[in-house]
Amino acid sequence: MAKNLVIVESPAKAKTIEKILGKDFEVRSCFGHIRDLEKDDMGIDIENNFKPKYVIPEDKEKVVKELKKLAKDTDEVWLATDEDREGEAISWHLCEVLNLDPKTTKRIVFHEITKPAIENAVQHPRKLDMDRVNAQQARRILDRIVGFEISPVLWRKMSMRNSLSAGRVQSVAVRLIVEREREINTFTSVSTFKVEAYFTGKDINGKSISFKADGPGKFKTAEDAEKFLEQCVGAAYTVKDIQVKPGKKSPAAPFTTSTLQQEASRKLGYSVSKTMLLAQKLYESGNITYMRTDSVNLSDTAISEIEKAIKTSFGDKYHQHRKFKNKNESAQEAHEAIRPTYMENTTVDDSDTRKLYELIWKRTIASQMADAELEKTTAKIDISTNHEELSASGEVLKFDGFLKVYMESHDDEDETEEEQEGSLPPLAVKQSLDLKEMKATERFSRPAPRYTEASLVKKLEELGIGRPSTYAPTITTIQKRNYVEKRDKEGIKRDFRILTLKADKITKQTDAENTGAEKSKLFPTDLGMIVTDFLNQYFNNVMDYGFTAKIEGEFDEIASGKKVWNTMISEFYSPFHKDVENTLENAERVKGERPLGTDAASGKPIVARMGRYGPMIQIGSVEDEEKPRFAKLKSTQSIETITMDEAMELFKLPRNLGQFEDSDVIVNIGRFGPYAQHDKKFYSLKKEMDPYTVELDEVAPLIAEKRTAKDERTIKIFEKEKIQILKGPYGPYIKQGLKNYKIPKEKIDNAADLTVEDAKAIIEDVKANPPKKKAPPRKKKAE
DNA sequence: CAGTGAGCGAGCTTCCGCTTGACTT
């Protein structure tokens with residue numbers, strides 16, 4: 001039995017640290033938080049100064065039991081959880097559960113897993129910081145209050161009430177997406193004309209050249225642009241002035257969770273959850289440092305490793321020592337930046353994680369490399385027939401520096417109008433140029449783009465909302481709650497005008513471009529918009545973009561002992577709870593109704609609104625003698641934007657496509673999407689089949705094909721008993737009615753030989769001994 | 001699996017942050 005027990009949060013860390021500390025120390029992990037607020041009654045005794053009621057969750061019982069045993073048999077327990085607020089609280093919970101005295105138990109911290117850092121930590125233990133623990137408790141309790149008081153309000157006040165939720169983080173994330181969507185919907189695009197002149201001539205060495213110059217600003221109308229081109233008729237063009245300016249580019253800081261998610265999204269097209277899954281693998285295999293971090297800091301040992309790698313691979317002049325600082329105030333910096341553990345490993349064997357690893361490797365090494373040096377040349381070109389001038393510019397890379405390995409990408413949001421500049425040929429002042437042609441092209445202003453998962457993470461981080469460990473889960477939650485969905489949008493065709501001056505003649509033409517196409521973007525659903533409007537109206541304090549920043553300031557005061565945590569919570573709770581009660585009492589049930597007009601055929605009103613099963617169109621009302629008619633909106637349509645014509649289109653379903661093998665084929669949209677009904681059976685339509693336009697000759701083969709696929713899946717059918725033996729992705733299984741039953745291992749190889757008695761026996765057996773429930777009792781709802 | 005759409009009101013849902021496995025019918 002070791003004399004010392006060290007407890008850390010992550011098991012991968014435990015292994016590494018144990019090696020460093022040697023045989024006197026046993027290092028174990030507690031796998032994050034070991035206690036949480038009880039779920040009943042919110043787990044908070046509000047009357048009793050918000051006293052929290054903590055319990056050990058079922059899935060943590062095992063690890064707690066083990067730690068208890070180890071703690072009892074050891075001389076000294078060292079609490080080595082992360083240095084941030086949550087880590088301090090985990091240490092305190094460990095004291096409570098393991099019966100350790102918080103006043104005397106040794107608390108150690110390190111920000112990097114290196115031998116000197118860990119040895120230094122062991123030599124300088126401190127005591128638990130209760131102020132910091134209390135800041136965490138305040139954070140936890142406030143989040144529980146917000147989530148568990150507002151969510152039930154939604155269940156009462158929304159017309160669709162299946163597992164709706166609200167929270168300090170998720171509700172604001174949805175709000176961002178809803179507001180962006182509305183900005184886009186109300187955006188009116190204005191067009192301007194941009195002039196570009198194409199020149200040919202000879203450079204100072206007599207070599208033939210051609211290059212492009214930009215016109216003087218933008219013209220608001222086609223008339224203004226044309227007037228300018230007219231003023232250029234017959235003009236001579238001379239280089240008036242050449243300016244050369246040096247410039248430089250610097251590398252980006254090493255990765256944090258948020259920037260890794262952004263770059264993996266832009267460069268590799270990964271979703272944030274995919275990035276985190278792969279990063280976790282790399283971490284567990286010892287290839288990278290911890291992947292949930294908000295710090296851009298690199299350990300001293302890492303910095304010298306990187307320096308060595310740069311000097312050997314690229315030479316001394318490519319190295320530049322840099323120390324990055326966090327811009328983000330909310331950062332808690334419990335870990336290092338995300339970097340390779342060993343710089344000499346330039347890649348990994350695993351093909352899944354290779355791209356992500358190489359991205360991390362490049363970003364890390366680039367962060368300690370020299371600036372790239374540029375030379376920017378601007379030539380002003382005089383027009384003899386008017387007072388305007390043209391300007392041509394080019395950029396030449398003088399020294400590549402860090403660009404040798406890595407260049408950060410940007411979202412289209414950050415994109416400037418100017419494209420990547422090429423180089424400009426060497427010109428001389430007073431040199432005359434030949435104009436090949438001059439074009440004025442119509443360009444349209446664009447609204448801000450919809451968020452991607454990664455750009456939403458970026459925005460949340462800027463607002464200080466959420467933590468590295470929650471960015472990916474938050475994005476999953478708001479999609480799972482059906483507030484937001486990720487999808488593509490097709491662009492629409494738009495005409496634009498071009499005026500061309502060539503050989504002193506002006507011609508006009510129209511061209512077409514595709515605009516507004518988006519890939520993998522976050523769109524709010526009608527539900528998301530309605531819930532957001534409701535929350536904004538009744539809980540504007542919590543929905544404020546600055547709310548988290550404000551309370552974080554107060555948590556900091558608690559952490560520094562300037563404020564008492566219950567006081568802070570109480571000050572928040574009084575007005576908040578009044579809002580809850582006021583809403584419950586006074587808010588109407590929300591339907592999200594939007595009148596569209598009157599039905600030409602019946603004279604009845606048409607509304608778009610939210611029904612129990614989603615957005616729909618309703619003609620007439622329930623008070624009418626005749627029942628109202630209903631139609632479900634398509635998944636790409638929205639209550640806010642649907643037009644009368646589009647709404648009427650929806651009433652064209654169900655469609656009878658005609659007969660196939662003597663039965664009607666009827667197409668409709670059901671709970672699980674578009675389907676065809678034929679001979680009492682149902683067949684899902686393929687994605688590309690539009691139920692409004694699809695024809696019999698497309699659907700009939702689908703029915704035939706799916707029928708054989710179903711036959712192949714069937715091993716045996718006992719018609720009378722309604723028992724089927726089927727082949728599933730995990731092997732054969734038995735199905736009776738809607739329920740599935742697992743075939744015992746010893747019989748699985750001969751599933752085809754099972755008799756009806758065998759099957760019945762298995763079913764009875766499974767019923768008598770139901771399979772163990774999954775560890776987290778969180779049931780998955782049918783989507 | 002493939003209806004529905006109002007109201008009544010069983011019995012259910014829900015938060016954020018810290019960590020990984022379990023394991024499919």
S.K.: Counting only side-chain nitrogens and oxygens, does A:Arg85 get under 4.0 Å of the OP1 or OP2 atom of B:dC16?
M.R.: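 For B:dC16, OP1/OP2 do not have a side-chain N/O of A:Arg85 under 4.0 Å.
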
S.K.: Nearest whole angstrom, please: distance from the C1' of B:dC16 to the CE of A:Met42.
M.R.: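 To the nearest whole Å, that distance equals 14 Å.
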
S.K.: Hey, is the side chain of A:Arg139 pairing donor to acceptor with the base of B:dC16 inside 3.5 Å?
M.R.: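 Answer is yes: a donor-acceptor pair is held.
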
S.K.: A:Met291 has an atom CE; how far is it from atom C1' of B:dT20, in whole Å?
M.R.: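 After rounding, the reported distance stands at 9 Å.
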
S.K.: Contact class for A:Pro473 vs. all strands (heavy atom < 4.0 Å): base, sugar-phosphate, or nothing?
M.R.: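 The residue A:Pro473 makes no contact with any strand.
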
S.K.: Using whole Å, what does the distance between atom C1' of nucleotide B:dG9 and atom CZ of A:Arg589 come to?
M.R.: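 Spelled out: CZ on A:Arg589 to C1' on B:dG9 is 10 Å.
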
S.K.: Checking all strands, does A:Tyr283 fall into the base, sugar-phosphate, or nothing category for heavy-atom contacts under 4.0 angstrom?
M.R.: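 Sugar-phosphate: the residue A:Tyr283, judged by heavy atoms under 4.0 Å, touches backbone atoms but no base.
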
S.K.: Round to the nearest Å and state the distance from A:Arg467 atom CZ to B:dG17 atom C1'.
M.R.: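 It is 9 Å, rounded to the nearest whole Å.
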
S.K.: Checking A:Tyr538 now: which residues fulfil ring-ring contact (aromatic ring centres under 6.0 Å, His included) with it, not counting sequence neighbours?
M.R.: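 Listed in chain order: A:Phe534.
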
S.K.: Looking at every strand, decide which applies to A:Arg481 at a 4.0 Å heavy-atom threshold: base, sugar-phosphate, or nothing.
M.R.: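 Sugar-phosphate only.
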
S.K.: Establish whether the base of B:dC15 is bridged to the side chain of A:Arg140 by a donor-acceptor pair shorter than 3.5 Å.
M.R.: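 Such a pair exists between side chain and base.
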
S.K.: Under 4.0 angstrom, heavy atoms only, what part of the nucleic acid is A:Gln170 near: base, sugar-phosphate, or nothing?
M.R.: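 A:Gln170: backbone/sugar contact only, no base atoms under 4.0 Å.
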
S.K.: What is the distance from CZ of A:Phe31 to P of B:dA22, rounded to the nearest Å?
M.R.: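 Spelled out: CZ on A:Phe31 to P on B:dA22 is 10 Å.
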
S.K.: Measuring from the side chain of A:Lys60 (C-beta onward, heavy atoms only), which nucleotide among B:dG3, B:dT19, B:dT4 has the closest atom?
M.R.: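 Side chain of A:Lys60 sits closest to B:dT19.
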
S.K.: Does the ring of A:Tyr545 carry A:Arg175 above it, NZ/CZ under 6.0 angstrom from centre and within 45° of its axis?
M.R.: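 Yes, cation above the ring, under 6.0 Å and within 45°.
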
S.K.: Any idea which of B:dT20, B:dC16, B:dC18 is nearest the A:Ser10 side chain?
M.R.: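 Selected nucleotide: B:dT20.
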
S.K.: Do we see A:Phe148 stacking on the base of B:dT14, given a limit of 5.5 Å between centres and 30° between planes?
M.R.: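 Check passed, A:Phe148 stacks on base of B:dT14.
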
S.K.: Taking any heavy-atom pair under 4.0 Å as a contact, classify A:Ala166: base, sugar-phosphate, or nothing.
M.R.: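 Answer is sugar-phosphate: A:Ala166 comes under 4.0 Å of backbone atoms only.
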
S.K.: Taking only residues two or more places apart in sequence or in another chain, which ones pass ring-ring contact (aromatic ring centres under 6.0 Å, His included) with A:Tyr573?
M.R.: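 With neighbours one apart ignored, the set is A:Phe50, A:His577.
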
S.K.: Establish, from distance only, whether the side-chain atoms of A:Glu336 and A:His111 form a donor-acceptor pair under 3.5 Å.
M.R.: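 Their side chains do not contain a donor-acceptor pair, so the 3.5 Å distance test is not met.
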
S.K.: If you look at every strand shown and take non-hydrogen atoms under 4.0 Å, does A:Ser151 touch a base, only sugar-phosphate, or nothing?
M.R.: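 Answer is base: heavy atoms of A:Ser151 come under 4.0 Å of a base.
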
S.K.: Report the nucleotide, chosen from B:dC18, B:dG21, B:dC15, that has the shortest atom-to-atom distance to any side-chain atom of A:Tyr290.
M.R.: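 Of the options given, the side chain of A:Tyr290 lies nearest B:dC18.
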
S.K.: Find the distance A:Ile666:CD1 to B:dG3:P and express it as a whole number of Å.
M.R.: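 So the CD1-P distance, A:Ile666 to B:dG3, works out to 11 Å.
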
S.K.: The side chain of A:Trp155 is closest to which nucleotide in this list: B:dT4, B:dT14, B:dA6?
M.R.: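 The nucleotide sitting nearest to the side chain is B:dT14.
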
S.K.: Across the strands shown, which category fits A:Tyr683 at heavy-atom distances under 4.0 angstrom: base, sugar-phosphate, nothing?
M.R.: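 Result for A:Tyr683 = nothing.
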
S.K.: So, applying side-chain hydrogen bond (donor to acceptor under 3.5 Å, both in side chains) with A:Glu88, which one of A:Gln136, A:Arg107, A:Arg132 is it?
M.R.: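 Single side-chain hydrogen bond (donor to acceptor under 3.5 Å, both in side chains) partner of A:Glu88 among A:Gln136, A:Arg107, A:Arg132: A:Arg107.
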
